[in-house]
Amino acid sequence: MKALLLALPLLPALGFVVLALFGGSLSRRAVAALGCGVVAGAALLWTVLAVGYGVAPPPGEALRANLALWLAVGGVQAAFSFTLDPLSLVLSGVVTLVGFFIHLHAAETMRSEAGYSRFFAYFNLFITCMLVLVLADNLLLLFLGWEGVGLCSYLLIGFWYEKNENGRAATKAFLVTRLGDVGLLVGMLWLFAVCGTLDIAALNQVAPESLTAGTATMIALLIFLGAAGKSAQLPFQVWLPDAMAGPSPVSALIHAATMVTAGVYLLARLHPLFLLAPEVLGLVALLGGAGALLAALAAAAQRDLKRVLAYSTVSQLGLMFVALGVGAWRAAIFHLVVHAFFKALLFLAAGVVSDSLHHELNLLRMGGLRRRLPAAHLSFLAGAASLTALPLITAGFYSKDAILWGIWASSQGGLLLLGLALATSLITGWYSFRAYGLVFLGPAQREPHDEHDGVPVRLSLTVLSLGALASGLLSLPHLFGGSQWLETFLGRLLPGLPASSGALPSLTAEAAVTVGASLVALLGAGLGWWRYRAGRPATPPLSGLGEQLRRVLESGWGFDWVYARLFVRPFWGTARRLQPDPVEQGGDLAARLSLATARVVTSPETGGLRLLLLGLLIGALLGVSILLGR
Amino acid sequence: MAAVTTEHVLALALALFVLGLLGILVRRDLIFVLMSLEIMLNSAVLAFAAAGARWHQADGQVWILFILVVAAAEVSVGLPLLLRLNRLTGTLDAAALNSQRAGLSPPPEEPT
Amino acid sequence: MSLAQLLPLAPLLLLAAAPVVTLLASAFSRSPRVVFAATLGLLAATLATLPLSLTALPMDVTSLLRLDGFGLFLLALLGLGGLVVACLADDTWQRRPTARADRFYPLLLFALAGMGVAVLAADFASFFLGLETLTVSLYGLLGFTRHRQAALEGGLKYLVLAAASTAFLLFGLALLYAAAGTLQLAELGPRLLAVGGGTGLDPQVGLGLGLILVAFGFKLALVPFHLIFPELYQSAPPPVAALLAAGSKGAIFAALARFLALSGLTAVPSVVTWLAFFAALTMTVGNLAALRQGSLRRLLAYSSVAHVGYLLLALLALPQGGLAALLGYLAIYGATVLVLFGGIGLLAADGQEADRIDELTGLAQTRPLLAGLLALALLSLTGVPLTAGFVAKLLLFTAAFDAGHHWLVGLAAANSVLSAFYYLRVVIVLYRPGPPARTTWPRASRLAVATLVLLGAFLLLGGLLPDPLVQLVRVASQGLGGAP
Amino acid sequence: MLTLLLLVPAAGGLAAWLVGRRAADAPRKLALLTLLVQLGLLLLVGQEPARFGTESPLLEQQHPWIPSLGISYHLALDGLGLVLLSLTVFLALAAVLTAWREIREREGGFYGLLLLLVCGLTGVFLAVDLVLFYLFWEVMLLPKFFLLRYWGGPGRVRAAWRFLLYTFGGGLVLLLAILGLHLAVRQTTGVATFDLPALLPAAPGGELGLVLFAGFFLGFAVKLPVFPLHGWLADAHAEAPLASVVLGGAMLKAGGFGLIRFALPLFPAAALHLQPLVLGLGVATILYGGLLACAATDLRRIAAYASLAGMGFVLLGIGAGNELGLQGAVVGMVAHGLIAGALFALWVVLRAQTGTLALDGLGGLWHRAPRLSGFTLFFALAALGLPGLAGFVGEFLVLLGTFRVSPAAAALAVGGLVISAVFALRLVQRTVHGPLRVTRPVTDLAWPERVVLGLFALLLLLFGLHPQPLLDASQAPLAQVARTLAAGEPQPPVEDHPEVAP
Amino acid sequence: MTGLFYGAAGVAVLAAALVITRRSYMHALVFLVLFFLAIGTLLFSLGAPFAAALQVMVYAGAIMVLFVFSILLLRLPAGAWRLRRWTADLGWALPVLFVGLLAGVVAVALLGGRTPPEAPAVAAVVPAREVGLALFGRYLLGVELASLLLLAGLAAAFHFGERLSDAPPAGPSAPSASPAASPRQTAGTDGRR
C-alpha cells in the first residue's frame, strides 16, 4: 500500500521528466500515450488504493508513506512523505480521475497545436504537484505542491506564448496568487515558531493547546489569504477570468476542477486551526458569500463564454467557502467534487465549441449550434443543469443543497449568508441558461466546422456528463433516502456542523430548505432560458446607466481598475524611478567630489617662485599658530 | 639708556628677518632674492649672538661660524647656478622660472 | 676621541671620506665609469665596516654624534640606497651624455655623507651641518644636467626655498637656544618643557619650534611646503629624484624622529596637534593632487607627499611602536621608490623622458621585466598584501592605532583608497593590450636592471617573509625607546 | 593538503599566464586541468572520515609566519568552508567552460587571473589568521579588477573603478577593524596575535566591540553587498566578461562567509545589539534589489540585482543569527552562487546566439531554441524561489530563522518573494516568451553548453530536493556560532582546540 | 656699548630696507656691505668679538666679492644695470600680507615670553680664546663637517661654474647649442597636452 501511495505522485512525475527531456523527439502519438498513460496509471493506482482503504482502513484513518527526507535542521523536519486519509483520498481521486479524462480530451483537441509534448509535460507536472499538494503530510511539502501547481498554471495559461496578452494573463495569475502565498508562508512561519513543527497532523493536534486565541486568529487569517489567492476569492479573484487565455483543457483541469479548489482543501485540512478562530471563519463565509454573489452577477454580464465560466467558478468556490465558514466542511468538499465534474465538463464543452468556431469565444457571435455540435450541446446542457442545481436530476443539486442546509443549520450561519447563497443560486441559473441559449439556441450566426468527434473527446465528455449528473449519488441526503456516504466517509476526519440547537436536523426543515433552493434555482434557470430561448434577444442595446452598469459588471466590478491604480502603477512607478540606481549615483558623487577637489589642490601647480615661497610662508604661519595655540 | 636685553636683540633680529623675507617675496630679480636671503641668515646670526650672550657661552659664536660657512656655500653655489641659467635664458626674473608648466598633462583616463 | 672610538666610527668616516676620494679620482680620470667604480667600492667598504660598529652600541662620539641601532640601521639603508642610486646613475650617464658625468658621484657621496651625519646627530649643530651638506649637494645634483634649463631652474628654485627654510631653521634654533641654553637633543627637550613650566610650551619656545618645523616641513615636502617638489621630480635626473624621494626625506624624517623621541615633546598637545594637522593635510592633499596627474614623475611626487603624510603617523606613535614602524616604512618605501624612479630612468633618454603615463602604454609587451617591476612597486605603494608595502602599512597603522589616533588612521585608510586609484591606473596602462605607445626603448645596463630586480625581490620577500625585517627594525629602534 | 589547495590554482594560473604567450589555446586547457585537479583534491578532503558534526576543523595547518607581529600561517577547513570551496571550484569550472568560446584574446592573462581569483577565494575560505584572511581578501580583489578592466564591455573603465574603490575601501575598513581587535586583545591579555581561536575568548565587548563589529560588518557588507553599499555591483556584473561573473557568484559569498566565520563569533553581544539594523538592511537589500531588477532592461543587470536581493536573504539569515537562519544563509549562498552562475553562463550563450542581452532585442526564443529557453525558464524559476529548487530551501530556512527574531522582518522579506516573482517572470516573458523579435538565425544549445547548464540545473534541483548534505556539512560550525550568539558571549568549542593557548 | 648697539641696530635696519628696495644692483650691494658691517658692529657690541671679526671678513669680504663678480659676469647689456621697476607686478601684495601676519604672530610670541629679562644681554665678552677652545673641543667634529660642507659647495659650484659657454655634450639627441635659444621644453614634457 505504501509503495502504491508513493508511486501515485511519482508516476506522473516520471511522465513529466520523460516528456521534458525527450518530448521533442517523440511522435505525437507517443506523447499522448505517455502523457495520458501515466495519469491513467495514477488513476488506477488510486482506485487500488481506494479499494484497499475501503477494505481495510489503516490505523488512525491515515496511511503514511515516507519517500525520503527533505531537510532536517535545527528542529525543522520535512520529508517527502504522504498521507492518505479520507480527505486526501477524495481529493486525489478527483485529481486523477477528472485529470485523466481531461488529459484524454486534450490528447485529441490539442493535437494540432505546436508544443504538444510541452503541453503534456506541463500537464503531467501539474498532476504531480496537485497530488503532492493533497497528499503532503507536512506544510512545507504542501507548499511545494502549492507553488508547483501555481507554476503549471502560469505555464499553461501562457501556453500560447507568442501573444503578449497571454503572457500577461499568466503573470497576473501567478503574481496574484503569490500575493496570497505571502500570507500562507508567513502563517506557516508563525505556526512553526509557535508549535515547532510543520507536520500537519501534529499541528492539528497541538494547535488547540499551544495557540492563544489572538495568535490563532492571526495565523488563520494569514493562511486564509493564501487560500483566497489560490481559490480566486475576494479580494484576489481578479486573476481567474484572465486565466482563460490558456487552452480549454487547462481551464478545465486547473482553473475549474482542481487547482482553484486547493484553497478549499487547505482550509479543510487545517480545520482544527480554523475552529480556533471563529472570527476568521465568519470572515471566510462572508467574503465567500459576497464573492459568490458578485462573481455571479459579473458572470451574467460577460460576453466571453469562458469568462462566464470563470466567474461562475469564482462564484461556486465562494459557495464552498461559505460552507467552510459555517463549518459545513463535508458539504464543501462534496460540492468541490461535484463542481470538479460539472465545471470541467463545461469547460471541455466550451473548448469543443470554440475549436469548431476558430477559437471564437464571444457569445454574441455564436448561436444555433445545437444541431451542429450535438455532443457539445448535450454535455454543456448537463453541465449547466448541474451548475444551476436543477433539482433531483443533477449532482449539483445535492451538493448545493448540502451547503444551503449547512448554512441554515449551522450556528455560524445566518440569514445574510443564506440570502447571499440563494441570490447566487438564482443568478447562477440565469447566467447558465443565458450562456446555453446564446451558444446553442436560436439561429446560427456562423458556420462551425466539424466537432471533435474522436473517441477521446466523446469518452471524456460522456464520463464527465455522467459525473456531473450522477455524482450526487455519492452523498445522497437523508431526505432522499440516501446515506450521505461521502459526507460520512469524510466525517472520519472532518467534524460535523456546529449545530445551533444541538438537536438533530429535522426532516421538515431540511425539506423546506431543499424546496426553497430548488424553486430559486428553477426560477433563475427558467428566466434565463425564457429570455435566451431563441439565441440573442432582439432588444435594443442598453443605454446610459444600464450600459455603464453592464460594463462595470463585465469588468468584474472594476477590481482591476482599482488595483491598477492602487498597486500596479505605484509599483512600476517606483521601480522605474529607481532606474538608474540613485544609490549607485550617490556613490559616484564621492568620486566626483574627489576629482573636483583634486582640481583645486593642483591649481597652484603652474605658479612661479613666488607662489612656492608663499606656500612656505603659509605653512609657517599655520605651524607657528598651532604651536602657539597650546 | 637701559642695558640691552635679549628681547631687544631678538626683536631686532626679527625685524631684519622680516625685511629679508619681504625681499625674497617682493623682488623678482634673482640677485636681489639672493641678497635678501643673506639678510635673513644674518638675522639668525644676530639671534644666535644674543642667545650666546644670554648664556655667556661660546656656542653662540660657534654657531655663527657655521652659519657663515653655510651662507658662503649657498652663495657660492647659487651664483654660478644663476649665471648659467642667465646664459641659457637671458633672464634673471624669478617669475620666468616656470618652464615646467608645460609638463602638465592630463591623466590617462577619467573613469566617471 | 680615541682609537677605540674611531673603529666603530669607521663606516661614517669612510662615508665622509668617500666624496673626497672620488673628487680626487675625478680630478685624475674624467671617465665616469672609473669614478663610479670607486664609488661602488667606497660604499661597499662603508657597508662592510658596519659590523665593526655593532659591538660598541650605543656610543657617543663627542656630544655631536651618537651611534646607536637606530642610526646604524639608517646608515645601512643609506649605504644600500647609495649603491642603487649609483648604479642607476651609471646607467643614466651611459645613455645620456652629460658634461662631466664623473662629478655626479662625489656630489652623491656628499649628499649621502650629509644624510649619514644627520641621522646620527645628537646635537642640532651636527644635524644642521649634515643637513646643509645634503642640501648643498642637492643643489648640484638637481641641476646636474647643466645644459637643461629645467634642471637649472629646479636647482635654483630649490636653492632659494631651501635657503629660506634654513633661515627659518636657524632663527628657530636661536630662539630655542636662547630659551634653553643648549641645542643637544637629549637635554633640549626637558629644558624646553621646564621653561614652559609644565603647562605647555612657552610662547618663545613654541615660536622657535614652529620655525624649526618650517624647515623640516619644507625638507619633508609637507603640504603646503610641497609645491616645488613635483617640478623637481620632473626636472631632475631620475637617480636624483630617487635620492630626493627615498633618501633625503628619509634621513630628515629620522632626524626629526630622533629629536622628538629624545625630547619628549610628543607629549605636548600642541605638538601633537601640529603633527596630526599636517599629517591629515599632507596625505589628503597629496593623494588628491595625484589623482589628476598625467606625468608619472609628478604623480610619484604627489604620492611621495602623501606617503610623508602617512609617515607622520609614525611620529605620532613615538616612541613605542612608532620608531620601528618608521624604520620599516622608510626601508620599504625607499626600496619601492628606487624601483619606480630607477625604472623610469632606464626608460628615459634625452629627448624621450618617458614621463607621460600614456607613453608607457603597453610597456609590458615590449619590456615585460621592467613593466613587471614597476607594477610590483606600484602595488607595493598601494599596500597590496604579499608586497612589502602592505607590511609597512600594517606596521604604521598598528602603531598609530595603538597610540590612539584612530581618526587619523581612518583618514589614512580612506586616502589609501584614493591612492589605489592612481597607482592602479598606471598598472593598467602598463599592461594595456593593443599596440604599445612606443616600441623602442633605450637599452639599459645590465647592472642597473639587476639592481632593480634585487630591489623587486626585496619588495616581494618583504611581503612574503617580513619577519626578519620586522625583528630588525624592532631591535634597531630599541636604543631610542622603541618597544622590543 | 590545505596549502596544496592554495598552490594548485596559483601555480596553474601562473602556468596558464606563461603558456599563453606560446600557444593560444593552451591556457584554457591548462585552467580546466588545474580546476579538475583542485576538484579532485576537494573530493579527497571530503572523503575524510566522517568528522562532520564535530566542531573542530576537518583539516588544519598552522605555522608561524610573522611571529614578531603575531601573524601565523593558519589554515583550517571546516564543513562550512568545504561547502563554499566546492561551490567555488564548481563555479570556476563552469566559468572556464563558458569562457571557452567567449574569451578569444589574451587567454593566458585571462585564465591566469581567473585561477588567481580562485586561489584568493580558496584562501579566504581557509584562513583562520585574520591578517592572512585579509591578504587573501585582497588577492581576490585585484584579479577581478583586472579581468573587469581588460576584458570587460564598453563601460568597463567605470565599472572596474567602481568595483575597486568600493571593495578596496571596504577591505581597508576591515583591516582597521582587524587591527583594532588585535590591539584591544593585546591590551587585555598581553598577547599579540591575529589568530582567530586565540582572539575569540578575548574579543572585547561593550562599545569597543560594537565599533569593531561595525567595522567588520562594513567590510563584509561591501562585498556581499548590502543595500546602500551595492553601487559597484550592477556595473561589475554588466560590464565584466560574463565568464568571470559566473565565478563572481562565489565572490559575493566571501562576504557572507566572513560575517559567519569572523564577525558573529567575535562580537556576539554587538551582533545582538545591532541585530535590528542588520535585519533592516537585509530587508532593504531584498526589496531594493528586487525593485531594481524589476525595472532593469538588460539581462545582466536583472541578474545582478537579483543576486543583490538574494544576498539580502543571506544577510537576513546571518542577522537572525540562530541555527536556522545561518543554515538558510549558507544554503542561500550556495543556491545564489549557482543561480547567478547559471544565469550568466546562459547569457554567454544567449549573447553568442542573438548578439544582444537587452530585453528590447529579445523575445519569443522558444520558437527557435526550446532548450535554451527551457533553461532560461528553469533558472528564472530558481531565482524566484520555487520550492523544490535550492533557492527556496535557503530562503525558507532564513525566513524561519528570522521569524523567531523579528516577525516583521520576515513578513517584509516574504514580500520580497513577490517582487522576485515579478522580475523572474518578466525576464521569462521578455526573452523566451512573446513574439519572436530576434532577427539572427538562432540555433539551440550545443552539447557542451547543455552539459554545463544541465549540471547547474541538476545541482539546483538536487539541493532543492535534498539539501541535507549541505546542511550536515555546515551544521557543526554554524551551530556553534548560533550558540555563541544565543549566549551573547564567545563560547568555547565543544572539543578543545589545541591551539587555543592564552 | 648700549649706544653702539642701538646705533648699529638702526643702521642695520635701514640698510636692509634699502637693499631690498634698490633698483640698481650696485647700489644694493653697497647697502648690503653696510648691512654686514652693521651686523658686525652689533656682534661686537653683544660681546662676540670673534664672530664680529669673522662677519666682517667673510661677509663683507668674501661673499660681497662673489656678488660683485657675478654681476659683472652677467654680461648685462649697457643700461641694464638698473632695473626699470624694482618689482614688476602686484603679485607681492598677498605675500606681504602674510609676512605681516607672520611678523605679528612672531612678535606677540616673542614679547609675550616668560623668559625672565633679568639677565642683560651684554653680560660679558666671550673672548676668541673660549670660542677657539669650543671649536677644537666639543665642536671638533662640527668643524670637520663644516669643511665637508664647504667642499661639497665647492664641488657643486665648480660644476656649475666651469666654462660658462661649454657646449652641450655631443649625443644623438643633444639640444641646440645656442645659449640664446628660446627656453626649450625639456624632453619628456614634449608639450603634447
Side-chain angles (χ1 to χ4, degrees), chain A residues 71-74 76 182 189 193 569-630, chain C residues 153 156-158 160-161 164-165 168 172 196 199-201 203-218 222-231 265 268-278 281 284-293 298 302 414 417-418 421-422:
Chain A
L71 47 90
V73 55
V76 186
V182 170
L189 298 175
R569 287 191 198 168
F571 176 82
W572 284 109
T574 318
R576 296 229 167 78
R577 218 157 291 144
L578 288 177
Q579 207 85 9
D581 185 355
V583 175
E584 194 177 276
Q585 304 300 317
D588 284 0
L589 207 64
R592 295 229 176 87
L593 204 69
S594 301
L595 284 175
T597 326
R599 215 173 274 271
V600 174
V601 297
T602 48
S603 57
E605 273 190 325
T606 50
L609 180 59
R610 186 175 284 157
L611 196 73
L612 306 181
L613 285 163
L614 193 62
L616 194 75
L617 200 57
I618 292 174
L621 200 58
L622 283 173
V624 170
S625 319
I626 289 173
L627 283 175
L628 289 177
R630 248 169 281 200
Chain C
E153 264 182 34
L156 192 59
K157 277 193 205 173
Y158 187 69
V160 172
L161 287 166
S165 80
F168 275 98
T199 57
L201 291 179
Q204 194 174 327
V205 173
L207 176 61
L209 214 51
L211 295 179
I212 290 176
L213 289 177
V214 169
F216 277 107
F218 171 73
L222 301 185
V223 173
F225 307 109
H226 69 292
L227 290 169
I228 189 180
F229 286 86
E231 292 177 37
L265 281 173
V268 178
S270 60
V271 176
V272 173
T273 313
W274 191 95
L275 288 170
F277 173 79
F278 279 98
L281 188 67
T284 309
V285 171
N287 276 317
L288 282 173
L291 288 182
R292 285 180 36 80
Q293 298 305 323
R298 292 186 89 94
Y302 281 115
V417 179
L418 275 183
F421 175 66
Y422 59 81

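Basis for what follows: all heavy atoms, side chains included, without hydrogens, waters or symmetry-related copies. Just so it is clear: chains get the letters A, B, ... in the order the sequence lines come, proteins before strands, and each one is counted from 1. Nothing here was measured: the structure is a model prediction, and the numbers come from that model.
- To the nearest 0.5 Å, atom CG of residue A:Leu628 and atom CH2 of residue C:Trp274 are 13.5 Å apart.
- Atom CG of C:Leu227 sits about 8.5 Å away from atom CG of A:Leu614, to the nearest 0.5 Å.
- Here the closest non-hydrogen pair linking A:Leu627 and C:Ser270 is O-OG, 3.6 Å.
- In this structure, OG1 in A:Thr597 is found 12.0 Å from CG in C:Asn287, a value given to the nearest 0.5 Å.
- Taking the side chain as every heavy atom from C-beta outward, A:Leu613 and C:Leu161 approach each other to under 4.5 Å.
- Here the CG-OG distance, from C:Leu291 to A:Ser594, works out to 6.5 Å after rounding to the nearest 0.5 Å.
- Residue A:Leu617 holds its CG atom at 6.0 Å from CZ of C:Phe168, rounded to the nearest 0.5 Å.
- Listed here is the closest heavy atom pair of A:Leu595 and C:Arg292: O-CD, 3.7 Å.
- Only the side chain of C:Leu213 comes within contact range of chain A, judged by heavy atoms closer than 4.5 Å.
- For chain A, the nearby parts of C:Leu211 are the backbone and the side chain; heavy atoms of each come within less than 4.5 Å.
- Distance check, rounded to the nearest 0.5 Å: CG of A:Leu593 to CG of C:Leu288 gives 9.0 Å.
- When each of C:Val214, C:Ile228, C:Val160 is tested with A:Leu616 by the rule side chain to side chain contact (heavy atoms under 4.5 Å, CB included), just one qualifies, namely C:Val214.
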